[in-house]
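First the structure, in the form of structure tokens, and then the observations on it.
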Amino acid sequence: MAQFRLQGSKTLAVDMTGDGVKARNGSMVAYTGQMSFKKLTGGGDGLRGMVTRRLTGEQMTVMEVKGQGTCYFADKATEINLVRLNGETLYVESENLLCTEGTLKTGTSFTGLNGISSGNGLFTTKVEGHGWAAVTSKGPAIILRVSQGMPLRVDPGAYVAHTGNLNRSLKSGAGWTTFIGEGGGEAVQVEFTGEGLVYVQPSEKLTIGGDV
């Protein structure tokens, strides 16, 4: 089993003893021991399931890393957050998924027009199984709990990932004129209801429904 640990807050160290991981292509910054790297393409299980998003044009290439030793991964000096999955599902934006254990299965989950309106596309990435996943964020992510009767609203540009039994929907913070750019403020938020955890970054990416 690969061992995930942080080397500082912006570098992931993975200790391997013959097993492997799947990581964002080009994210390896150093390694010790003997490692092999294989670029993955196409669809199917694992991170390959998110390589091509035909409906959105979004693409991500992934590499499989196997060997004996320690491999170090990073992505543009972003913060790295370790998420341990014990049979639950992690939903995460593809640009924020850095690395997963080879035991985890990754595919896509349809978000529909909610995703398009929030600027996150028709699909989000789904990670399932038992093992570690490394998720990046612009600045240290905060983890917010959602419980019954206590919904959470998040700016679409600050959302990174979530776990648990959560429902996600778009909520307007103002009228339609604000949404199309004739007003100001946070026009659209993503509301989470149910039971689970939401990862939020202290930085906003550009979205259709963000601060207009």
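When a residue number appears, it is its place in the shown sequence, counting from 1. From a predicted model like this one, the values you see are computed outputs, not experimental measurements.
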request  = Mind checking the CG-CZ spacing from L170 to R153? Nearest 0.5 Å is all I need.
outcome  = 10.0 Å
ask   = side chain to side chain contact (heavy atoms under 4.5 Å, CB included) with L197: which residues, sequence neighbours excluded?
value = I143, R145, T163
query = For the residue pair V29 and A74, what are the closest heavy atoms and their distance?
reply = CG1-CB, 4.0 Å
Partner set under side chain to side chain donor-acceptor pair (under 3.5 Å) for S137, not counting sequence neighbours = N81
query = Quick check: are there more than 12 heavy atoms from other residues, nucleotides or ligands sitting under 6.0 Å from CD of Q34?
reply = no
ask   = Under a 4.5 Å cut-off applied to non-hydrogen side-chain atoms, are F192 and L144 in contact?
value = no
ask   = Shortest non-hydrogen contact from I80 to A134?
value = CG2-CB, 4.0 Å
Distance-only donor-acceptor pairs under 3.5 Å for side chains of residues 1-14, two or more places apart:
{"unit_1": "R5", "atom_1": "NE", "unit_2": "D15", "atom_2": "OD2", "d": "2.9"}
{"unit_1": "R5", "atom_1": "NH1", "unit_2": "Q7", "atom_2": "OE1", "d": "3.0"}
{"unit_1": "R5", "atom_1": "NH2", "unit_2": "D15", "atom_2": "OD1", "d": "3.2"}
{"unit_1": "S9", "atom_1": "OG", "unit_2": "E79", "atom_2": "OE1", "d": "3.0"}

For V127 against L104, the heavy-atom pair lying closest together = CG1-CD1, 3.8 Å
message = Determine whether a donor-acceptor pair (N or O, by modelled atom type, separation under 3.5 Å) exists between the side chain of E101 and the backbone of W132.
response = yes
inquiry  = I'd like to check M28 versus M35 (side-chain heavy atoms, cut-off strictly below 4.5 Å). Are they in contact?
reply    = no
Side-chain donor or acceptor of Q148 paired with backbone N/O of E195 under 3.5 Å = no
message = Does anything in residues 15-34 form a ring pair (Phe, Tyr, Trp, His ring centres under 6.0 Å)? List the pairs, not counting sequence neighbours.
response = Y31-F37
Between CG on residue L90 and CZ on residue R84, distance to nearest 0.5 Å = 13.0 Å
query = Between atom CG of N96 and atom NZ of K138, what is the distance when rounded to the nearest 0.5 Å?
reply = 8.5 Å
task = Kindly compute the distance separating CD (Q68) from OG (S36), expressed to the nearest 0.5 Å.
result = 11.0 Å
message = The criterion is side chain to side chain donor-acceptor pair (under 3.5 Å); which residues satisfy it with E88, sequence neighbours excluded?
response = none
request  = Give, for atom SG of C71 and atom NZ of K66, the distance between the pair rounded to the nearest 0.5 Å.
outcome  = 14.0 Å
K22 side chain reached by T106 side chain, heavy atoms, under 4.5 Å = no
request  = Looking only at non-hydrogen atoms, find the nearest pair between T103 and H130 and report the distance.
outcome  = OG1-O, 3.0 Å
CZ on R24 to SG on C99, rounded to 0.5 Å = 11.0 Å
task = Each residue besides M150 in its hydrophobic cluster should be listed here, by chain and number; the cluster joins Ile, Leu, Val, Met, Phe, Trp and Tyr at side-chain heavy-atom distances under 4.5 Å.
result = none
key: Check against side chain to side chain contact (heavy atoms under 4.5 Å, CB included), Y91 and L166   = CA-CA 10 Å; Y91 298 89; L166 293 176; over 6 Å; no
query = Hey, does the Lys NZ or Arg CZ of R168 hover above the aromatic six-ring of Y159, less than 6.0 Å from the centre and inside 45° of the axis?
reply = yes
